[in-house]
Amino acid sequence: MLLANVYLKRGKDESLRRFHPWVFSGAIHHIDGQVQEGDLVRVLTADGSFIAVGHWQIGTIAVRVLSFEDEPVDSLFWQRRLQAALQVRRCMGVADTPQNDTYRLVHGEGDHLPGLVIDIYGPTAVVQAHSVGMHVCRHLIAEALQQVMGERLHNIFYKSETTLPFKADLGQENGFLLGGDAEDVAMENGLRFHIDWLRGQKTGFFVDQRDNRSLLEHYSKKRAVLNMFCYTGGFSVYAMRGGARLVHSVDSSAKAVELVNANVELNFPGDARHHAYTEDAFKFLSQMQQDAYDLMILDPPAFAKHKDALRNALKGYTRLNARAFEKIAPGGILFTFSCSQAVNKDQFRMAVFTAAAQSGRRVRILHQLHQPADHPINIYHPEGEYLKGLVLYVE
Ligand code: SAH
């Protein structure tokens, strides 16, 4: 198939030469050929020399680059890319270990595959397309995934209903591309979790907190733990294994509370140390007793989904953390996070600093946390950094 050629304006190839994987619409001089959203296109400099091949899309980002080589994007291409992604996960020690079969295999730009996310949950892969181009390629991707994963893969669930550009109007597209097992239990660091890829948020589980949950486990002994915004209860289950005295999980969604209860039951059947509450975070924090908890986790949803929401988001982080500083017991430890891509590390730290100062407590930073290795950041695409956290000691 002949691909359309996208010619850049003079001088607009600089960021691509540094392997930044996006072409902005303003950088384009003209297009030679017909293009539809999701098509593969070749990107050429003003002089007509090849620079990249990628998916065309409608919007500020016009092309998301798949390769800086002039190569066909065919079955072999997908196999090579997925194989490379698996290789890196093996070297990180997250894939194919007896203790862990839950990991992110493909993290978009971080794996040179903009618009594609693949999470592995034991025998099931959940594939999520964030671009029409990846949606169009879903069957090729599923075939390549089977080749690369071999017999350990039984199911591929495609979950792009909420992640595809709304305007592309591609209809409802959630469903199995392979298999269809009802078995939904996966293992993370030796703990088991039900993964709700059918109805859950994201791909069904927040794989990105694995290392931070592990760290929390080591701080949990004999502590009274409050896991705020608990969702599937990842932090709660690790705290229980770490020897917490009690663990309270809070989420405003009743479905999340069901999930956390099921996951605690799966790992610690009948353990009375755990209780879950369906409640709004701010309400719970303002009504709870002073000093009731000496280990708290705040892992809210992204407060800023876009740059324009930044100011309000920062205020939100300050307000939330201030409540925690007011209430946490002396000698308490606070794990606090932001997963807003639009909020950078310094801004988040400043928001937490303001909260600490308002509370008048003495606070020290013990750890600075971020996304784990299976959510890699392409150094030429700093926009890929999104998760940050602080572990604080509150006197
Ligand atoms: N910590 C979780 C992920 C949190 S996702 C993990 O490790 O998996 C964010 C969660 O916050 C969602 O489950 C959502 O239902 C919940 N949430 C959103 N707004 C809330 C609010 N105002 N109060 C309590 N929970 C809220």
Side-chain angles (χ1 to χ4, degrees), residues 102 104 117 119 121-122 124 126 128 157 159 161-163 174 182-189 191-210 212-214 216-217 220 224-242 244 246-288 292-293 295-303 305 316-317 320-321 323-324 334-340 386-387 389:
T102 302
R104 177 153 293 192
V117 163
D119 283 338
Y121 299 116
T124 302
V126 180
Q128 198 160 63
F157 189 72
K159 185 172 198 239
E161 208 171 60
T162 56
T163 55
N174 281 3
E183 174 59 48
D184 66 350
V185 174
M187 189 180 285
E188 185 184 89
N189 288 328
L191 292 165
R192 290 181 304 144
F193 293 94
H194 289 289
I195 313 293
D196 188 359
W197 48 76
L198 290 174
R199 287 170 301 271
Q201 302 173 48
K202 304 269 168 107
T203 63
F205 193 66
F206 283 74
V207 187
D208 57 2
Q209 289 286 24
R210 182 198 315 106
N212 302 332
R213 290 179 188 130
S214 245
L216 177 100
E217 178 176 354
S220 299
V225 180
L226 175 64
N227 181 11
M228 187 54 80
F229 308 97
C230 65
Y231 187 37
T232 56
F235 284 105
S236 305
V237 176
Y238 277 75
M240 293 190 68
R241 187 167 68 179
L246 68 87
V247 179
H248 289 170
S249 307
V250 180
D251 201 290
S252 57
S253 142
K255 176 76 197 151
V257 166
E258 254 177 57
L259 281 169
V260 65
N261 281 331
N263 285 329
V264 169
E265 193 56 29
L266 187 63
N267 293 279
F268 303 98
D271 196 321
R273 289 178 298 157
H274 180 258
H275 196 84
Y277 301 86
T278 311
E279 187 62 271
D280 172 72
F282 287 94
K283 195 162 169 211
F284 191 96
L285 288 167
S286 64
Q287 291 180 350
M288 76 191 206
Y293 304 101
L295 178 51
M296 285 170 55
I297 302 114
L298 298 176
D299 184 23
F303 283 174
K305 294 228 160 63
Y317 288 119
L320 178 67
N321 283 278
R323 294 292 94 79
L334 174 63
F335 278 62
T336 183
F337 296 95
S338 162
C339 61
S340 304
Y386 70 100
L387 182 64

Q: Measure the spacing between CD of Glu258 and NE2 of His194 and express it to the nearest 0.5 Å.
A: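 Nearest 0.5 Å value for the CD-NE2 distance: 11.5 Å.
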
Q: For the atom pair OG1 (Thr102) and CG (Leu191), what is the distance rounded to the nearest 0.5 Å?
A: 10.0 Å

Q: Do you know which of Leu285, Asp251, Ile297 makes side chain to side chain contact (heavy atoms under 4.5 Å, CB included) with Met228?
A: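 Running side chain to side chain contact (heavy atoms under 4.5 Å, CB included) over Leu285, Asp251, Ile297 with Met228 returns exactly one hit, Leu285.
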
Q: So does Ala244 get a backbone contact from the side chain of Ser220, meaning a donor-acceptor N/O pair under 3.5 Å?
A: no

Q: Write down the atom of Ser340, the atom of Ala302, and the distance for their closest heavy-atom approach.
A: OG-CA, 3.5 Å

Q: For the aromatic rings, using the six-membered ring if either is Trp, is the centroid distance between Phe268 and His274 under 6.0 Å?
A: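 No, too far apart.
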
Q: Among Leu216, Leu226, Asn227, Val225, which residue meets the side chain to side chain contact (heavy atoms under 4.5 Å, CB included) test with Ser236?
A: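 So, applying the side chain to side chain contact (heavy atoms under 4.5 Å, CB included) to Ser236 and each of Leu216, Leu226, Asn227, Val225, only Asn227 qualifies.
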
Q: Could you state the interatomic distance from CD (Gln128) to CD (Glu161), rounded to the nearest 0.5 Å?
A: 10.5 Å

Q: Measure the acute angle between the ring planes of Phe157 and Trp197, then classify it against the limits of 30° and 60° as parallel, tilted or perpendicular.
A: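 Tilted: the ring planes of Phe157 and Trp197 meet at 30° to 60°.
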
Q: Between atom OG1 of Thr203 and atom NZ of Lys159, what is the distance when rounded to the nearest 0.5 Å?
A: 7.0 Å

Q: Strictly by side-chain hydrogen bond (donor to acceptor under 3.5 Å, both in side chains), give each pair with a member in residues 261-271 just once, sequence neighbours left out.
A: Asp271-Arg273

Q: Quickly, which of Phe205, Tyr231, Phe206 forms a ring pair (Phe, Tyr, Trp, His ring centres under 6.0 Å) with Phe193? Name it, please.
A: Phe205

Q: My understanding is that only residues two or more places apart in sequence, or in another chain, count here; which of them pass ring-ring contact (aromatic ring centres under 6.0 Å, His included) with Phe284?
A: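 ring-ring contact (aromatic ring centres under 6.0 Å, His included) list for Phe284, sorted by chain: Tyr277.
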
Q: Could you report the tightest heavy-atom contact between Cys339 and Leu387, atom names first, then the distance?
A: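 So the two residues come closest at CB-CD1, 3.9 Å.
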
Q: Using only atom types and a distance under 3.5 Å, with no angle test, would you say the side chain of Lys202 pairs donor to acceptor with the backbone of Val207?
A: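 Not confirmed, Lys202 side chain does not pair with Val207 backbone.
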
Q: Who are the ring-ring contact (aromatic ring centres under 6.0 Å, His included) partners of Phe337, not counting sequence neighbours?
A: Phe235

Q: Calculate, to the nearest 0.5 Å, the distance between atoms CE and CD1 belonging to Met187 and Ile195 respectively.
A: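 These two atoms lie 11.5 Å from each other.
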
Q: Start with the C-alpha distance between Asn189 and Arg210, add both sets of side-chain angles, then the distance that settles side-chain contact (heavy atoms from CB on, under 4.5 Å), and finish with yes or no.
A: CA-CA 8 Å; Asn189 288 328; Arg210 182 198 315 106; 3.4 Å; yes

Q: Check Gln209 against Asn212 and note the closest heavy-atom contact, atom names and distance.
A: OE1-ND2, 2.8 Å

Q: In Å and rounded to the nearest 0.5 Å, what is the OG1 to CG distance from Thr124 to Asp184?
A: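 The OG1 atom of Thr124 sits 8.5 Å away from the CG atom of Asp184.
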
Q: Grab the two heavy atoms, one from Tyr238 and one from Arg213, that are nearest each other, plus how far apart they are.
A: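 Of all heavy-atom pairs spanning Tyr238 and Arg213, the closest is CD2-O, 3.4 Å.
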
Q: Which atoms form the tightest heavy-atom contact between Ala292 and Ala224, and what is the distance?
A: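 Of all heavy-atom pairs spanning Ala292 and Ala224, the closest is O-CB, 3.6 Å.
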
Q: Whether the Tyr317 and Thr336 side chains hold a donor-acceptor pair (N or O, under 3.5 Å, no angle test) is what I'd like checked.
A: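 No donor-acceptor contact under 3.5 Å links the two side chains.
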
Q: Taking all non-hydrogen atoms of both residues, which atom of Gly233 and which atom of Val260 are closest, and how far apart?
A: CA-CG2, 3.4 Å

Q: Would you say Lys255 has more than 12 foreign heavy atoms packed within less than 6.0 Å of its NZ?
A: yes

